[in-house]
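Below, chains carry the letters A, B, ... as their sequence lines are ordered, and counting in each starts from 1.
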Amino acid sequence: MDRYDHKAIEAKWRARWAASGIYTADIAGAAQPFYNLMMFPYPSAEGLHIGNVFAFTGVDIHGRYQAMQGNDVFEPFGYDAFGIHSENFALKQNIHPMTLIPDNIARFREQMQRLGTRIDWSREVSTTDPKFYRWTQWVFLQLFKRGLAEKRGAPVNWCPSCKTVLADEQVIAGKCERCETPITHRELEQWFLKITNYTERLLANLDWIDWPDAIKTVQRNWIGRSEGLEMTFPIEGADKSLTFFTTRPDTIFGVTYMALAPEHPLVREVTTDAQRDAVARYVEEASHKTAVDRQAMERSGVFTGAYATNPLNGERVPIWVADYVLITYGTGAIMAVPAHDERDFDFARKYGLPIKLVVAPDGRAGGELSEAYTGEGTLVSSGEFDGMTSAAASDAIVEKLEREGSGGRKVTYRLRDWLISRQRYWGTPIPIVLCETCGPQAVPEDQLPVELPYVEEFRPTGTDQSPLATYEPFVKTTCPKCGEPARRETDVCDTFLDSSWYFLRYPSTDIDDRPFDDARVKKWLPVDTYIGGKEHSVLHLLYSRFVTMALHDMGYVDFEEPYEKFRAHGVLVLEGAKISKSRGNIVNPDDYYESHGADTLRTYLMFSGRYEEGGDFSDKNIEGAARFIQRVWDLVQRHRERPAGDLPVDAERSMHRTIKKVGEDIPELKYNTAIAALMEWTNHLQKRPSLDEQEVRTLLQLVAPFAPYITEELWEQTGGSGSVHASRWPAYDPELAKLEQVPVAVQINGKVRDVIELDAGTGEPAAVAAARASEKVTRHLDGKPIARTIYVQDRLINFVTGR
RNA sequence: GCCGGGGUGGCGAAAUGGGCAAACGCAGCGGACUUAAAAUCCGCCGUCCCGCAAGGGGCUUGUGGGUUCGAUUCCCACCCCCGGCACCA
């Protein structure tokens with residue numbers, strides 16, 4: 001049999017599908033809308049790589065299956081083309097992003113089309129299109145008008161290489177997520193979105209949304225809820241007090257010093273004249289250290305000369321400045337308990353501060369400590385709380401402080417507000433006018449979009465300003481409130497603002513006077529299934545939940561959670577390394593489109609392992625998928641040449657079993673085992689002299705989601721009506737899908753000695769009788785009496801003899 | 001360090017409300033077809049031992065324990081790999 005001509009067939013159906021609009025969703029009229037969403041890509045490199053193809057194929061199979069279930073599937077695609085990733089690529093190529101990005105997009109589109117997806121190409125979105133970012137700006141303004149966006153001075157993460165500030169979520173282990181340069185800190189006026197207003201809801205909704213537990217855990221950890229005590233110690237000789245947070249109230253009698261973060265406002269106020277120079281020097285040095293330095297270097301600090309009083313025992317404790325205390329967590333100050341905290345222990349050792357044991361490990365008296373004891377135990381040297389357990393003492397201490405009004409229970413979070421200003425060129429301009437008299441003013445909505453101008457010199461400046469700041473035609477404007485000359489905000493938005501709402505736009509891309517149409521949002525959202533990479537567990541997935549909640553509270557949408565069902569696909573690696581342009585290990589799908597065709601590539605990628613796990617890419621096994629696709633072709637060609645045969649009951653049963661298995665596996669994204677079942681069935685079909693019409697129909701339908709081109713061609717060749725992709729998924733008969741005869745293992749003392757064929761559903765007496773009739777069983781029993789018999793129907797029999 | 005996920009043949013992997021480990025595929029070996037090759041088809045294919053053979057027996061899911069008639073699956077301890085967080089008080 002000849003090899004099928006994948007190039008001709010794929011080109012033919014691509015054209016036909018485009019012409020017929022088979023994948024165009026009926027946005028207004030769909031009876032059973034199903035929003036099948038994939039994370040839109042950054043079109044930053046020269047094209048799709050094999051990892052993108054892997055991800056999108058899995059989403060598409062899901063969409064095709066849902067369509068064959070009778071749903072009106074909407075599967076849109078777009079480009080997240082603003083941002084540092086795209087701009088850096090433009091810088092490297094030395095081509096202006098306004099020229100380069102449209103080329104990249106065209107290339108991505110072509111490669112996606114060759115993949116044979118059921119994407120609705122009539123509703124593309126690109127975040128760099130003014131028709132799109134006009135509404136990103138609108139989203140920003142709604143947040144601004146409700147006080148959820150504000151410009152304020154704060155210590156921020158600065159990447160010296162990218163020359164911009166970054167959100168916390170974009171700092172990985174103290175380094176820039178894009179270029180791995182150690183982050184420094186700057187004190188700058190920046191725009192923040194108040195995601196922390198939503199902390200509790202972001203946390204609470206995780207309890208019911210249908211997401212993988214692993215992703216929920218990552219979000220919970222990122223939000224970092226922590227319960228404890230907040231209290232204050234009065235500062236000696238000053239009208240001030242020092243507020244701190246602790247999760248260990250039981251150790252409070254062990255406080256031997258206090259420590260402030262170098263950036264803490266009280267540092268200046270409490271430092272004595274004698275210590276002023278030393279403290280100033282230390283604070284100055286600390287400001288130059290990167291987060292990476294801070295951790296790598298030995299713990300350090302300096303005494304301020306001031307003292308605070310522990311109100312519980314009246315002890316006087318020195319106040320230090322130490323850079324292991326973070327200004328960004330809790331109150332930026334700590335009570336230090338060297339005996340029961342590793343960091344405080346090291347610090348006390350270094351500076352000769354007292355180490356006072358107050359929690360004794362249970363059943364042992366505390367002696368000299370060689371390291372901090374961080375566990376729980378029984379309180380000692382703690383006044384009235386002596387003898388209590390850590391847990392009881394914590395409660396008692398907090399209650400006492402609450403009674404006295406000097407402290408109380410408090411919940412603290414790790415999550416901080418989302419910093420969205422970027423001192424770069426390639427992004428959505430922040431739609432704000434800065435007026436010297438009126439302050440930051442929203443650009444009136446009828447003046448949107450604030451267009452990003454073409455600026456020849458788009459390189460980052462390295463100052464605290466975006467390159468737009470020097471482009472006067474953009475900067476000069478008038479205040480919308482007072483009409484006086486004013487300047488535009490020149491920072492641009494973090495790309496994650498673009499992607500925080502894009503899914504709301506897809507159904508309304510043809511509407512220009514509002515971001516999204518209410519009726520369409522009601523019809524299509526929340527998204528039915530969202531599938532994307534784990535790398536966005538915090539970042540995109542958290543930000544878009546926040547923005548959706550905010551829009552919900554403003555009354556724009558009637559749901560809080562944008563993606564009630566989310567599934568994460570695995571990541572493809574190459575020889576153990578992440579696939580990326582910078583590593584130079586890009587695998588281009590075009591080579592496989594040419595050599596084997598998209599159907600084979602899709603099938604191969606989905607067959608070689610679990611979709612939700614990913615794995616190491618290697619094309620070693622692609623021949624297996626190619627043979628399977630070719631076998632489907634050959635089977636159907638043979639069927640066309642020979643008269644249709646009958647359908648013996650065994651063949652019918654194996655068909656029903658396959659329909660059941662494939663139909664159960666696809667919704668769970670177990671594509672590898674679905675394909676295995678199809679391979680098994682085709683191996684059976686091949687042994688039959690001729691196929692029944694129903695078998696051919698069913699085969700093409702079951703293979704269709706995986707290999708859309710060849711099945712469509714064969715469907716037409718065999719006179720199928722309409723498109724195979726618009727046909728209804730075949731039903732199976734549960735009775736026929738069952739096995740008639742089952743192999744049952746016969747064990748003696750847990751060791752398999754024989755396997756006998758029994759009718760499915762055979763009861764214990766008959767099964768045991770059959771098993772005892774086996775020569776092998778008799779031989780192994782060797783006359784020993786059976787003490788016990790265990791029977792698991794249709795599975796096994798275990799004869800247990802006495803010892 | 002803490003939090004996730006994982007470790008199964010030569011390779012990619014199946015199978016966990018405990019029940020025949022290795023489905024499906026790759027590679028390999030043997031055979032059919034062919035002048036020959038490719039393609040295709042048929043058979044073998046975890047490992048060790050006994051046997052000329054038919055066949056029989058032992059071992060085997062990272063390591064060591066435990067529970068159980070029975071453990072890849074459950075429990076305890078540990079090792080390694082991948083991902084996330086990271087001086088979070």
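Every residue two or more places apart in sequence or in another chain was checked for a salt bridge (charged side-chain N to carboxylate O under 4.0 Å, His left out) with A:Arg657, and none qualifies. The salt bridge (charged side-chain N to carboxylate O under 4.0 Å, His left out) search around A:Arg343 returns A:Asp341, not counting sequence neighbours. The salt bridge (charged side-chain N to carboxylate O under 4.0 Å, His left out) test applied to A:Lys175 returns no partner, not counting sequence neighbours. With sequence neighbours left out, the side-chain contact (heavy atoms from CB on, under 4.5 Å) criterion links A:Pro318 to A:Tyr257, A:Phe303, A:Tyr307, A:Trp320, A:Leu353. Not counting sequence neighbours, A:Tyr592 has no partner by the ring pair (Phe, Tyr, Trp, His ring centres under 6.0 Å) test. Residues meeting the side chain to side chain donor-acceptor pair (under 3.5 Å) test with A:Gln793, sequence neighbours left out: none.
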When you compare the protein's N or O atoms with those of nucleotides 67-73 of chain B, which come within less than 3.5 Å of each other, and at what distance?
from	atom 1	to	atom 2	distance (Å)
B:C69	OP1	A:Arg788	NH1	3.2
B:C69	O2	A:Asn798	ND2	2.4

What does the list of N/O pairs under 3.5 Å between the protein and nucleotides 13-15 of chain B look like, with a distance for each?
from	atom 1	to	atom 2	distance (Å)
B:A14	OP1	A:Arg610	NE	3.1
B:A14	OP1	A:Asn672	ND2	2.7

Using a cut-off of under 3.5 Å, enumerate the N/O to N/O pairs linking the protein to nucleotides 56-58 of chain B.
from	atom 1	to	atom 2	distance (Å)
B:G57	OP1	A:His780	NE2	2.4
B:G58	OP1	A:Arg753	NH2	3.3
B:G58	OP2	A:Arg753	NH1	3.1

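The salt bridge (charged side-chain N to carboxylate O under 4.0 Å, His left out) contacts involving residues 319-328 of chain A comprise A:Lys289-A:Asp323, where partners must be two or more places apart or lie in separate chains. Residue pairs meeting the salt bridge (charged side-chain N to carboxylate O under 4.0 Å, His left out) criterion with at least one partner in residues 242-261 of chain A, sequence neighbours excluded, are A:Arg248-A:Asp250.
Shown for residues 325-344 of chain A: residues whose heavy atoms fall under 4.0 angstrom of RNA chain B, namely A:Val325, A:Leu326, A:Tyr329, A:Ile334, A:Arg343.
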